[in-house]
J.: 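Structure incoming, see below.
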Amino acid sequence: MDFKIGAIDTCMPINGDIANVPTNKAVTIQNSTIPFNSPDSTLGRHLARRLVQIGVTDVFSVPGDFNLTLLDHLVAEPELNLIGCCNELNAGYAADGYARARGIGACVVTFTVGGLSIVNAIAGAYSENLPLICIVGGPNSNDYGTSRILHHTIGLHDFSQELRCFQTVTCYQAVLNNLDDAHELIDTAISTSLKESKPVYISVGCNLPGIPHPTFSREPVPFSISPRLSNMMGLEAAVEAAAEFLNKAVKPVLVGGQNMRVAKACDAFVELADSCGYAVAVMPAAKGLVPEHHPHFLGTYWGAVSTTFCAEIVESADAYLFAGPIFNDYSSVGYSLLLKKEKAIIIQPDRVTIGNGPAFGCVLMRDFLSALAKRLKHNPTSYENYHRIYVPDGLPLKCEPKEALRVNVLFQHIQSMLTGESAVIAETGDSWFNCQKLKLPQGCGYEFQMQYGSIGWSVGATLGYAQAAPEKRVIACIGDGSFQVTAQDISTMLRCGQRTIIFLINNGGYTIEVEIHDGPYNVIKNWNYTGLVDAIHNGEGKCWTTKVYCEEELVEAIETTNGAKKDCLCFIEVIVHKDDTSKELLEWGSRVSAANSRPPNPQ
């Protein structure tokens, strides 16, 4: 007898680069039974098969004595590739990057010393609504509830410290110290991650992965996650109220936010944009979710540091629809956006709020946007206004021969490198602002960590993204300060044969923090970055490094990366002046500084 399992509900942002949980086809499996006491009827094999079924083909790990037996079972799964990372933090960042490209990621570390090292990366994935399976090799099941003190702990009889840390940054936690309920706990954890689009925590007792148990004697049946449904009466009421609100506006606009990804509403947003004719913008963390070749696309709405002429059109509109926004201190440029609540329709993944008026719950964003597209009058006024005032961007001043390279010239050349087979990873820092100005060709991926903003994230995320999407050539823009946090896993990129291009922007410090609040702590020790990468390379794998000081050397380096070294990991250290920043960072930094330095409210 065969089981036929329907597709898990999926979302793919418009550029086609970021898939979500497979598959878009039905899955047929044989109802095979593995004899009890067979070496295959084990927890370890079941967990490995589950990961493969949900689309994970690479697991990022750091071995430790509590997870070694489990790693044996992951290695034994022919459809799973175990990737050893240099540290747990990077393994977590890699799983984060992998989830952005593949729809879900997984990592395996050891108890407490590994778990508490990776928890920062898991928190970042939680903030960005990324499904991620964090697996920890735990103590022997016999040690729970005893008075024993174990290594890799803080020396207490209670082993729950790690679990308590993960409870606030995962949507489900499973501690497997009993085989009788391990099957249920594993399946509940993984399915919850898929449904909630958040990380989950699974702790596996170190003595359990290889013990046969009857619950694992069958090939696991793939998940069939029931799609969430809108309340149809609420949907109709919300659409009617929104259509009335927008159809009486003179110059309404659409703005996409980052929660469109978790709401699986990217296609519906474009459908609405096509139908209504409004000007279309995105918030900074939504860059890459809406096609930038759309005929009414303005650019990024980011308050005072928006794409040229974008803020003027958005903030002067008499109605604006925000799909999936997050208005934090960074995205609002220190709470300085010139928006009025009474003009706004705010759509979150399952809720619609209209101005100062009604709110509607249990209404899915994608259903609402698709239904609204059929009810709005075509009104291109806001885009026509934009077209009238638009002046094309100028070009950076031409460099004199051998003149010191400027950051705006660097990004002018990065722009020329982008194709539909590229993906851009922007590190926290000035790269946020410079990469935001890049115009993405159709199909070009784009990722950065806006909400959590953990410096060093991009090294691991680049590793994971490139592993999940080998058809893309990743271009990572990383500052020197951030690179010093997580540099080691250049090594893992080389082991995996990746062909990423890394622009290491060496300006001698934490530039983004300089513009918020300067001090001697923002100056870092300069490294010989190309020398470091050469030492890591050590003749194993394909790697090419160079330093560039001027535009002529940059042009030559880019020609090499796209020519003779197109199959290599290419590391280009770009030497720039310490005060060479984007004008957007200067503006943003001063406004965020003002927000940070507000005095206490009177008591």
Side-chain angles (χ1 to χ4, degrees), residues 39-54 56 58-77 80 82-85 88 91-92 95 104-119 121-122 131-146 148 150-153 158-167 169-193 199-217 220:
D40 291 331
S41 61
T42 62
L43 181 160
R45 181 182 185 277
H46 178 81
L47 183 54
R49 292 300 303 155
R50 275 294 187 222
L51 293 176
V52 170
Q53 287 174 352
I54 62 173
V56 173
D58 303 273
V59 177
F60 302 93
S61 69
V62 177
D65 59 327
F66 283 132
N67 70 13
L68 298 178
T69 304
L70 176 61
L71 295 183
D72 287 340
H73 288 269
L74 300 183
V75 169
E77 169 53 54
L80 210 54
L82 192 67
I83 297 176
C85 295
E88 290 87 359
I104 191 162
C107 49
V108 184
V109 296
T110 196
F111 189 59
T112 307
V113 291
L116 298 189
S117 291
I118 205 172
V119 74
I122 302 305
L132 195 155
I133 315 300
C134 180
I135 304 164
V136 174
N140 186 292
S141 61
N142 297 304
D143 290 327
Y144 286 91
T146 69
R148 295 176 180 137
L150 296 182
H151 70 289
H152 289 345
T153 70
D158 179 6
F159 306 151
S160 65
Q161 180 196 30
E162 178 185 85
L163 171 64
R164 295 197 304 273
C165 290
F166 274 94
Q167 283 173 337
V169 296
T170 57
C171 66
Y172 186 85
Q173 307 82 38
V175 178
L176 311 185
N177 54 23
N178 186 327
L179 284 172
D180 290 338
D181 61 1
H183 186 287
E184 177 186 0
L185 290 175
I186 290 171
D187 286 5
T188 302
I190 295 175
S191 61
T192 301
S193 182
V200 294
Y201 165 87
I202 302 175
S203 175
V204 181
C206 63
N207 59 327
L208 301 183
I211 301 173
H213 192 271
T215 54
F216 303 118
S217 62

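Quick caveat: nothing in here was measured; it's all calculated off a predicted structure.
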J.: Between T110 and N67, does any side-chain donor sit less than 3.5 Å from a side-chain acceptor?
T.: no

J.: Compare every heavy atom of A174 with every heavy atom of A189, then report the nearest pair and how far apart it is.
T.: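 So the minimum-distance heavy-atom pair works out to CB-CB, 4.5 Å.
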
J.: Quick one, L179 and T215 - any side-chain contact, counting heavy atoms below 4.5 Å?
T.: no

J.: Out of D143, N140, N142, which residue meets the side chain to side chain donor-acceptor pair (under 3.5 Å) rule with R148?
T.: D143

J.: With rounding to the nearest 0.5 Å, note down the distance linking CG in N207 to CG in L70.
T.: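 Answer rounded to 0.5 Å: 12.0 Å.
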
J.: Between atom CD1 of I122 and atom SG of C107, what is the distance when rounded to the nearest 0.5 Å?
T.: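 Here the rounded value is 4.5 Å.
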
J.: Can you find a pair of side-chain heavy atoms, one from V175 and one from Y144, that are under 4.5 Å apart?
T.: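 Yes - at least one pair of side-chain heavy atoms lies under 4.5 Å apart.
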
J.: Taking atom CZ of F216 and atom OG of S41, what is their separation to the nearest 0.5 Å?
T.: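 That separation rounds to 9.0 Å.
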
J.: Between the side chain of S160 and the main-chain N/O of L163, is any donor-acceptor distance below 3.5 Å?
T.: no

J.: Does I190 reach the side chain of V200, with side-chain heavy atoms less than 4.5 Å apart?
T.: no

J.: Do H73 and E77 touch side chain to side chain, with heavy atoms closer than 4.5 Å?
T.: no

J.: Is a side-chain donor or acceptor of S193 paired with a backbone partner of L132 at a separation under 3.5 angstrom?
T.: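 A pair under 3.5 Å: yes.
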
J.: Does a side-chain heavy-atom distance below 4.5 Å link V113 with H151?
T.: no

J.: More than 12 heavy atoms of other residues, nucleotides or ligands under 6.0 Å from CD of E184: is that the case?
T.: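 No - once you tally the heavy atoms of other residues, nucleotides and ligands closer than 6.0 Å, there are 12 at most.
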
J.: Between CG of L116 and OG1 of T153, what distance do you get to the nearest 0.5 Å?
T.: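 OG1 of T153 is found 10.5 Å from CG of L116.
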
J.: Would the distance check show the side chain of E88 and the main-chain N or O of I118 forming a donor-acceptor pair, the cut-off being under 3.5 Å?
T.: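 No: the side chain of E88 does not pair with the backbone of I118.
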
J.: Quick check: does any side chain N or O of E162 sit under 3.5 Å from a backbone N or O of V136, one acting as donor and the other as acceptor?
T.: no

J.: Do the ring planes of F66 and H152 sit parallel (below 30°), tilted (30 to 60°) or perpendicular (above 60°)?
T.: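 Perpendicular, since the angle between the ring planes exceeds 60°.
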
J.: Would a 4.5 Å heavy-atom cut-off, applied to side chains only, mark L43 and L176 as touching?
T.: yes

J.: If only side-chain N and O atoms count, and only distance matters, is there a donor-acceptor pair under 3.5 Å linking Q161 with R164?
T.: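 Their side chains do not contain a donor-acceptor pair, so the 3.5 Å distance test is not met.
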
J.: Could you report the tightest heavy-atom contact between T69 and P209, atom names first, then the distance?
T.: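 Scanning both residues, the minimum pair turns out to be CG2-CB, 4.2 Å.
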
